[in-house]
Amino acid sequence: MLKSIKQLVKNRFTGGAFISLCVIAFIAIFSPLLTPYSPIDTKPEDRLLAPGHLHYFGTDELGRDIFSRILAGTRISVGIALFAILLAAFVGTFIGSFSGFIGRWIDQVIMRSTDVLLAFPTLVLALALSAALGPSIVNAALAIAIVKLPIYMRLARTQALSISQTLYVKSARTFGVKSGWIVRRHIVPNLLTPIVIQISLDIGDAILLIATLGFLGLGAQPPTPEWGAMISTGWNYLIDQWWYPTFTGAAIFITVMAFNIIGDGIRDLLDPKAGE
Amino acid sequence: MNQDLLVVSGLNKTFSFKNKGVKHENHAVKDVSFAIKPGEVFGLVGESGSGKSTIANLLMNLESVDSGEITFNGVTIADSKAQNSFPYGDIQVVFQDPRSSLDPRMTIRQIIEEPLRFLSGAKKTELGNSSDVVRLIQAVGLREEHLDRRPHQFSGGQRQRVAIARALITRPKLVVLDEPTSALDISVQAQVINLLKSLQSEFGLTYLFISHNMGVVKYLCDRVGVLNQGELVELASNEDIFNRPTHPYTKKLLSSVPSMFKEMESQ
Amino acid sequence: MSELVLDIKDLSLSFLTSGTPVSILKSVELQIAAGEIVGLVGESGSGKSVTALAISKLLPTQITTFSSGSIYFNGMDILTSSEESVAQLRGKKIGFVFQEPMTALNPTMTIGKQLFHVIRRHSDLSKEQAQAKVRAALEEVLIAKPEIVENQYPFQLSGGMRQRVVIAMAMSANPALLIADEPTTALDVTVQAEILNLIGKLAKVHGTAVLLISHDLGVIANTCSKVTVLYAGEVVETGKVSDVLRTPLHPYTQALVKSLPDIAARGSSLETIAGEFPDLRKRPEGCIYAPRCPKKFDKCSESPVLMKVDNEHSVACWAQGSRSSS
Amino acid sequence: MTQASRTRISALSAFAVITALVMGMVVSAPANAATSKTTLIVGMSADLDFLDPAATMDNAQWKITYPCYQRLVEYNGANTDVVPGLASSWTISADNLTYTFTLKPGNKFSDGTAVTAKAVQYTFQRLLKIAKGPADNFTAVASVKVSGTNTVVFTLKQVSPQFLYTLAGNYGGIVNPTVAAEEVAGDSGQAYLANHTAGSGAYVLTDWKKGQYLKLEQNKYFSGTKPVLKTVLFKIVGDASSQRLQLGKGEIDIAEGITSDQFDAVAKEAGNTVMNKPSLTVDILYMNSTKGNAALKDKVVRQAISYALDYKGLIATTQAGNATQMRGPIPNGMWGQDPKAFQYTTNVTKAKALLAQAGVSNLSLDLLYSARQPWWAAEAQLIQDNLAKAGITVNLKLTEYATARQMIDAGTFDLCLGVWSPDYADPSMFMNFWFDSNNFGLAGNRSFYSNPEVDKLIRYAAKITDQKKRTAAYIKAQTIVIDEAAYGYLYQKNYRLALRSSVKGYVFNPMLEQIYNVATMSKA
Amino acid sequence: MLRLIRARLAMLVIVLFGVSIITFLMAHVLPGDPTTALAGPHPSQETLNSIRAQFGLDKPLPAQYLSYLSDLFHGDLGTSIRSQQPVTHEMLAFFPATLELVLVAFIVAIAFGIPLGVLAAVKKNSFSDYIIRFFAVGGVSVPLFWGGLVMILIFYAKLGWLPSSGRLDIELNSPESVTGFYTIDTLIAGDKEAFINVLKHLVMPALALGYVQLAFIVRQVRSSMLDALSQDYYLTGRANGLGKRFLVVRYALRNALIPSITIIGLSFGSLLGGAVVTETVFDWPGMGKYVTDSILGRDFPAIMGFTVVIALAYVIINLLVDLLVYSLDPQTRK
């Protein structure tokens, strides 16, 4: 573990991203202690102030400190993205590995349903799902999890298929080991690496999806400081109060970029074929 | 010693598969019959596509039999009609590639113990405690502290030893060795062959030894069957096969083996 | 003795593996004359393939460091030559045959096209002439129906057929040196015999120098006139096949020959080598084989050099060296 | 290297180079000049749905239909009174139940056919048959009869003081009976009129590129004064900032999507004007007193909420100050308003005291709103913050418009934001819709407020025509509903519109918000 | 080949059926009634009921679905509740715009993505590799809606080079619709001015959308190329002295394209998803904006129509991918 981190940091590219990620994680965990102002309480008399020493990133249309809101939003975006992706990975891995191992008609049914899910454009499906479930941050996470599900199902299935051809699974079958045990003890642990790679590559995308949903008015409910929703409102202030959407957008960009670079780094680390 | 441990009679297996809608058939095993006596090392040789691995799979209940019958210890364990209860633990297998036959995520202890988990009844109480594991790991020439390591920390030869220990944990009567040394270097191969020999006498094992390496078969086996394209073309004692082959295929096979001395003598 | 096609002198190199340099070859010596077939034998990790790739400068440049030595090909030092001039040799003067015929051919190009491109690359033939040469090259490797095979893709051919195609490509420009890296390991014995015959015949016909790499002593014995034994990147013994395999002098070669079940009597136990393969990140001082050697003595803490025992037989062992020099 | 691979590589690089060149060429081409003087371009935030005057109930769509159709009577410039339109005169029977209109001869539809009494009859029979939103305005109509080419008689079931005014609304537009030929599957030509116009107004809809623009051009058979503007384009520019930029560059002449906080900056830019007129649009808070949180049944709790609201802050934040706090339900400028009516002030202490008096603590309420109005998000968050100061927890429920409407109809909310603008200049638009206990839900009484005494007063006021008596009754009712805080009376907003200074002749009529008098406008 | 098409047709049936059921259920569990939005500010209950009946929304769900299916079978996608126009007409109005945008974005992405991916792989760990990778990771990290806005601010507001919205300047007449692609239609009409104008409108949205796709392609191609470059046959080619460029193109790229095309084809869904945002930002009159509005407005027939058309497109894209792979990979041709 420590060695892997060392390896990540050694590369200047991933090293920078790793430090950013640590900062982001720190902010996400300790944001309530770090915000100079309440991210929620309104103050109409202080509305739309330009950035300055009191408000580093200025204030929004309700007089709230944008810096504080961006900090507080970190936890929401990163947390929900993690939750959604882990949920998708967990369920997808489970279904996919059984599908790949058992095969036959069950596999057919499951794979055709991923076909159906993949036929929807991701964002539109997420949009429709979060509209159907009602706009809330949890439902947005669920929608993203469902959208991402087929990727994990397919990945787990492909891996399960190839793992079930390995000699150790073949050996296990020669001592009469039950299917459940094979999936649990042999297949799932051994497909974790590609799943972890996929997770690390997907988190950035999930953050973007959440922000996009928020931008389109689904997802977090006000006054929650969700980045996409903040840009959606801030966009109207682009010309006269440029700081409002600009800093928020930069926050998303930097966070997603850090996750993506680390994702690439993890892939290179765990999947030597792609790296070396 | 007069009753056969394993009897294979009239075994047939055909694989059919669809490739782009066209049905293909591959008659992998054609009417193969042989018997193995207790304590014997029985060799099956053949080239790729000869059906030797399919026979191993059929014996290990990994594939179903099309026709014919396999009898183990007088009990039918596989035929075309129905699924018979397979005597898990009594027949064990060691596969060719030790890199892939051990789950990389498990410790050596977990790997060796795994076959015990699904044995039932008498067999289970009869064996299967950690002292067995320790005894076996030592028997295959490894040390107790190796038990908590994982496969990637071992060389190919050591891994094959672990695979052998795992096969022996259930106290099998018959061990199927499917090309157990093909992936190993010469010097390591020698170690594993020596080990197999000493284990056989120590545990009174019966081996079905499957290989394409004529040298190893000649060295190890009491009787040898030669497979060619799913058919058993010759079955004889070691002596007869290597000194007085009768079937033209056996002859061709033997003459193809680059022997160190045949050529050098002619030089 | 005819002129040396290949002359490797004191070749040492290391790879950078996750930051640490690993010494792969140390002071390797190897000579091949025209028309000669020399075997290079050793177990996995001994550096056989690395030696082969080094000759054509095909090792990944970022991680490879040559620390000493030279590789002369027809008098030209490969290591100090530019990439372009070495590239000129590849396929034209130095042919290569690899172990895995299943993956050695471009899966998305027909056999004929692949041969055609290689032929055109190394000659001034017109398209029609090159096309005719494709046929001829396939016929030369004893492919029965070249007109069919040339329109096929690699996956449609058996392993033996593919290896023939690979050989045809390697030989198409009539190279001075053919490097065959485990060319038959992946093949059945009956096919192996045919391929080895083919290589021998072609070498004889064209006067090609051949470096045959194998872990199989039988293959070496059957095909080569000389053999070099590698252990952990060092040459431990070299000489005529009949000398080296019949009267091996190095304890490693001796153990290797005796560990073969082919010659051992049934019932006797096979000879094995004690200990483990050395960790090349920390190449031990002195004789590389000493930690596993049953005949080790004080002198073995110094690195032995390759010492001539007789005209062509050399060995890197203090025990043998001292005997012959005394 | 072989020929084949060389060709491939050069093809690939040529492809890249050509793509780059095309982009370069395109970017460097000169930008187009300003728009023509006879073309007016209006920037709209969203595309329109459908334009049948018998079906549409949305001012946004009326901006197209209103200038394409004519009505029997018309609003008079900026005035909320009606004047003759297609009808040159009308008479009303003594019992106020029969209206007889005489049509001005010579008016023609856009296909050249004459506007006759038959067409009027066809229009209203069709509207009632289709039975969509517009029909709700004519429930009083018992029959429409033709008596001669140019005379049409409406008979009412009951006295309806607002009848004449509803005829001046968009749904009063007279439709060319030839659309009957376009009927598909018994839809009375709805599909056809959804994206065509068939009226006698100054303009005709000639092109509608979905998602891009709608184009009006002059009706060559129009009998009135020939308009100056030859073409009116309604261009869809979804984003407020883009509208702002396009207005600044003169690419659009009117920007409808400018948000509250942008107006000041827009007004400062050269070439722009911002019109700022009081309107009759009010912004209110529904407090569900029947189906909502039980505490809301108590008028004291509703009063507490009314005291807790920061009216000044709301006006400053959501309208940048361009609004006035309401004085009861009827807006300023509408007759019937009580100028002395009680007005709630912001008083958190009092709010807390009232809550204590009502014995309510830890009150938690859901506030429903949609994104329909751009300022609602800010307003909802301010109200949340205001009420929090008085100790009331507010959970914001941002819901899509269609869903919010359904919930309003069903009464499944505690608090909800709403706007209301009158369809005709009559206080019944406020009093009868908002407070009649028969109108629960979407029909108008969205606070689900019920008070028999109020019911009696307002029903009485709606059935008589004497304005004095009506005013007295309405003022009496107002006193009650203000005291009982039936709604949160927030503010009456100004209507602001950003235009290029070159746009001349625009007249704002509070009854016709978002509708342009394009026939009498011009560009300098 | 025929078999391939037949298999895809079977897939089409399954996908269409699945998609229609999911969409139908999703659309109808959506809380909210599209008719309340239509009925005007203060409709009476009778009016609401009458409108519901007109759209068949008063019938039980299975009956609604069955009647939808039977209409679909006859090629009728129903009538949009919001616009009261046949959904088929709406699709014809919006789909070509989206397709044109997506295709141009895709061409841009391919034209630059493949060479960049190849370059990064061939020059692995060099300076240019790092630059390309940075560029690529930026593309998958920038929020499209934000990036689009920044582009508008620079290229429209500040520099005035490019228009910020729509497909064509409003003063210019839209071309006669032949293909629905303005680029082609203006050329057919021979209107050079309009053609240039159409291209100008395309630049920003296509670049914004294309950048994301390009970044994806660069990453994909780079990784497949690295894989191909480490294959035995590539080494064989080198050992046989074949030219570097020939090896890169005919040995490595040709083989690397097979997995890349499959994965890029599968990413079609995310491209369309990106189109939703792009169309919103640049006021592009396409399907993305249309479906967002339909979802928010609960316009069931329009949502259904959209998903059916997209599912169709998905299957066609899959077929195209199959055909491409078929032409590249001889093994599939056996």
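By convention in this document, chain letters (A, B, ...) are assigned in the order of the sequence lines, proteins followed by strands, and residues within each chain are numbered from 1.
Going from atom OH of Tyr156(E) over to atom NZ of Lys249(D) covers 5.0 Å, rounded to the nearest 0.5 Å. Rounding to the nearest 0.5 angstrom, the gap separating the CD atom in Glu400(D) from the CD1 atom in Ile295(E) is 9.0 Å. Atom CD1 of Ile152(E) sits about 6.5 Å away from atom CG of Asp239(D), to the nearest 0.5 Å. To the nearest 0.5 angstrom, Lys289(E) atom NZ is 7.5 Å from Ile236(D) atom CD1. The CD atom of Gln85(E) sits 7.5 Å away from the CH2 atom of Trp208(D) when rounded to the nearest 0.5 Å. In this structure, CZ on Phe234(D) lies 10.5 Å from CD1 on Ile170(E), to the nearest 0.5 angstrom.
Counted within 6.0 Å of CD on Glu193(E), heavy atoms from surrounding residues, nucleotides or ligands total 12 or fewer; the atom is thus considered open. The 12-atom threshold is exceeded at NE2 of His196(D), counting heavy atoms of other residues, nucleotides or ligands nearer than 6.0 Å.
When Trp284(E), Phe94(E), Phe282(E) are compared by the number of non-hydrogen pairs under 4.5 Å with chain D, Phe94(E) comes out ahead. If you tally non-hydrogen atom pairs under 4.5 Å between each of Asp49(D), Val419(D), Asn439(D), Asp423(D) and chain E, the highest count goes to Asp49(D). Looking only at heavy-atom pairs under 4.5 Å with chain E, the residue among Asp136(D), Asp409(D), Val237(D) that has the most is Asp136(D). Between chain D and the residues Ser164(E), Ala157(E), Ala93(E), the most heavy-atom pairs under 4.5 angstrom are made by Ala157(E).
When every heavy atom of Gly133(D) is checked against every heavy atom of Thr47(E), the shortest pair comes out as N-CG2, 3.5 Å. Closest approach of Ala131(D) to Ser50(E), counting heavy atoms only: O-OG, 3.0 Å. Of all heavy-atom pairs between Ile81(E) and Phe50(D), the closest is O-CE2, 4.3 Å. Shown here for Ser83(E) and Ala194(D), the closest heavy-atom pair between the two residues is O-CB, 3.7 Å.
For Ala191(D), the parts lying near chain E are the backbone and the side chain together; criterion is any non-hydrogen pair under 4.5 Å. Proximity to chain D (any heavy atom under 4.5 Å) is restricted, for Leu48(E), to the side chain, taken from C-beta onward. In this structure, the portion of Leu149(E) lying under 4.5 Å from any heavy atom of chain D is its side chain and not its backbone. Residue contact with chain E, scored on non-hydrogen atoms closer than 4.5 Å, involves the side chain of Lys209(D) exclusively. Proximity to chain D is limited to the side chain of Glu90(E), based on heavy atoms less than 4.5 angstrom apart.
Counting heavy atoms from C-beta on, the side chains of Ser165(E) and Gln246(D) come closer than 4.5 Å.
Stacking of Lys210(D) on the aromatic ring of Tyr290(E) is not recorded, the 6.0 Å distance cut-off and the 45° axial limit not both being met.
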